[in-house]
Protein chains: 2
Amino acid sequence: MLEIILRNPMFRGISLSDVATLFENGHYQIKHYQTNDVVGMQGEPCNHLMIVLKGEVQAQMIEHTGKLIVMAEISAPHAYAAAFIYAEQNEFPVTVVAQKESEILFVRKEIFIEMLQKNRVLLQNFLTFISNRSKFLTDKIHFLTFRTIKSKIADFLLKRRIGDNLVVMLDETQQELADMFGVARPSLARTMKEMEVEGLITSERKKITIVNLAQLKRLAM
Amino acid sequence: MLEIILRNPMFRGISLSDVATLFENGHYQIKHYQTNDVVGMQGEPCNHLMIVLKGEVQAQMIEHTGKLIVMAEISAPHAYAAAFIYAEQNEFPVTVVAQKESEILFVRKEIFIEMLQKNRVLLQNFLTFISNRSKFLTDKIHFLTFRTIKSKIADFLLKRRIGDNLVVMLDETQQELADMFGVARPSLARTMKEMEVEGLITSERKKITIVNLAQLKRLAM
DNA sequence: ATGTGTTTGTATCAATTGTTACAAAGACCG
DNA sequence: CGGTCTTTGTAACAATTGATACAAACACAT
């Protein structure tokens, strides 16, 4: 367990012995989850630091109409929902679902703040982490609010490229991408077809080839 | 200045003499701004704790197409952008504009973190503050992404009511509301007209009367 | 090889919202 | 009070996206 925690950016620069002290007996719990288990439900209390030790969880924002947006995917050794644990309205703003069999470490927020007070590096790292999450949320607002489907796709493809490669192999189904973009699956498919017709990309199921890189970059702005 | 700071929720429970120590000479700057001055530009470095001592500023998210969303309005004694100061990509995610002649207190983030380390109550309050801001941002995502214009208006009216009052006097022009909702002004006007035709509200310029409260509450969900 | 479930592709129609334009009403200032 | 600027109201048309449906292609298990 400690080796995984040491890989978490929050604990960078902290020695193994200091981490071991922070996580001495009684300071944490570990829970196991099966695929599709709900790890935390939107609206429920959110009062622990939660670190994925193994597996992968997905944060989903679900509307009562059934519409779903995938906000993030978190795997080991990363934490999720850490930005919310000290909020006055202290509840999960998302539903967190295990995508695979997972193991999660829970530290009560009262205990964690003692850790922060004791360890200056940990405090600095935690503040960096939650500031990064706030930045992430504003980027998400920008993406979900200002973007057409076409520019979402362009942005996604440019980010998914490896180096200067013009071929992008998708890991996700169209439905999964649509959930990430907050759009309807047929709309996503239609827009990709349009981009193909316009000569921006070619598309063979999960293999996307970027044809007009300059235009794609303009679209992604 | 210190009396104002003491009214900021971050400094709740901290004595005047402790606050005075925190803000001893050399630990801060105060700057003055005129109406419409840009206090912080989207993309610029964001590395100070910033507290409004006097006046009012507005956080705007501006797209290169010109579309603008008002993210927040901040008046004394509150802080703005505090959730972002420790981010790795350490820049303003919004443009902050003075709405009135304003006075702002700046504390370098390196100095502020020393304050946090020294004072447990301040640390607790700051974590609460930035967790609250993260919650606010997820609420904003929810509002901007999942909501029709009609439900945005319904939500707004219910929140703007004072007690059980069914009459809401607007402080804002339609354009200002449209900017807050991230919608076009004529669309906002059209939707309000529809709500009037449907018997949900009556509307005489800045005076809105709620007619069907139950239905409005359903719409706001 | 076959059957089943999933994914992709596509079409049609509907819904919501944006854009542009202009007139009427209202607010404000000299 | 009159003139000017701002705000509101509204209309027409356009754009984007969603919803629904169905067939073809593909992946996987037996």
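Chain identifiers are assigned alphabetically (A, B, ...) following the order of the sequence lines, protein sequences preceding nucleic acid strands; residue numbering begins at 1 within each chain.
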Exercise for the section: Classify the nucleic acid contact of Lys67(A) as base, sugar-phosphate or nothing, counting any heavy atom under 4.0 Å across all strands shown. Expected result: nothing
Exercise for the section: Have a look at Lys206(B) and say if it touches a base, only the backbone sugar-phosphate, or nothing, with a 4.0 Å heavy-atom cut-off. Expected result: sugar-phosphate
Exercise for the section: Give a yes or no on whether the ring-centroid distance for Phe23(B) and Phe11(B) is below 6.0 angstrom. Expected result: yes
Exercise for the section: Check whether any side-chain nitrogen or oxygen of Lys193(A) sits under 4.0 Å from OP1 or OP2 of dG9(C), and answer yes or no. Expected result: no
Practice task
Indicate yes or no for a side-chain donor-acceptor contact from Asn36(B) to the backbone of Gln99(B) under 3.5 Å, with no hydrogens or angles considered.
Solution key: no
Practice task
Kindly state whether the ring of Phe126(B) and the ring of Tyr86(A) have centres lying under 6.0 angstrom apart.
Solution key: no
Exercise for the section: Would you mind reading off the distance between Lys152(A) atom NZ and dT17(D) atom C1', rounded to a whole angstrom? Expected result: 10 Å
Exercise for the section: Take the protein atom CD of Glu204(A) and the nucleotide atom P of dA27(D), then report the distance between them rounded to whole Å. Expected result: 13 Å
Handout entry: Any N/O donor-acceptor pair, Arg185(B) side-chain to dG9(D) base, under 3.5 Å
Key = yes
Exercise for the section: Could you state the atom-to-atom distance from CG of Leu188(B) to P of dT10(D) in whole Å? Expected result: 13 Å
Practice task
Pick base, sugar-phosphate or nothing for Thr191(A), based on heavy-atom distances below 4.0 Å to the nucleic acid.
Solution key: nothing
Exercise for the section: Would you kindly give the CZ-to-P distance between Arg147(A) and dT17(C), to the nearest whole Å? Expected result: 21 Å
Problem - Length of the CD-C1' vector between Glu172(B) and dT6(D), whole Å - result: 16 Å
Fill in the blank from the handout: From CD1 of Ile149(A) across to C1' of dT16(C) the rounded distance in Å is 14 Å
Problem - 5' priority, DNA chain D, between Thr148(A) and Pro186(A) [closest heavy atom] - result: Thr148(A)
Handout entry: Donor-acceptor pair, side chain of Asn90(B) and main chain of Cys46(B), under 3.5 angstrom
Key = yes
Exercise for the section: Using whole Å, report how far CG of Asp179(A) lies from P of dT17(D). Expected result: 17 Å
Practice task
Whole angstrom is fine here: how far is it from CD in Gln174(B) over to P in dT8(D)?
Solution key: 5 Å
Problem - Side-chain (Ser131(A)) to main-chain (Ala83(B)) donor-acceptor, under 3.5 angstrom - result: yes
Fill in the blank from the handout: Per atom distances to the Ala189(A) side chain, the nearest of dT10(D), dT10(C), dT8(D) is dT10(C)
Problem - Side chain Arg190(B) and base dG18(C) donor-acceptor under 3.5 Å - result: yes
Practice task
Identify whether any heavy atom of Ala184(B) sits under 4.0 Å from a base atom; if not, whether one sits that close to sugar-phosphate; answer base, sugar-phosphate or nothing.
Solution key: base
Fill in the blank from the handout: Sorted by position of nearest nucleotide on DNA chain D, 5' first, the leading residue of Arg205(A) and Glu176(B) is Glu176(B)
Practice task
Just call it for Ser187(A): base, sugar-phosphate, or nothing, with non-hydrogen atoms closer than 4.0 Å on any strand.
Solution key: base
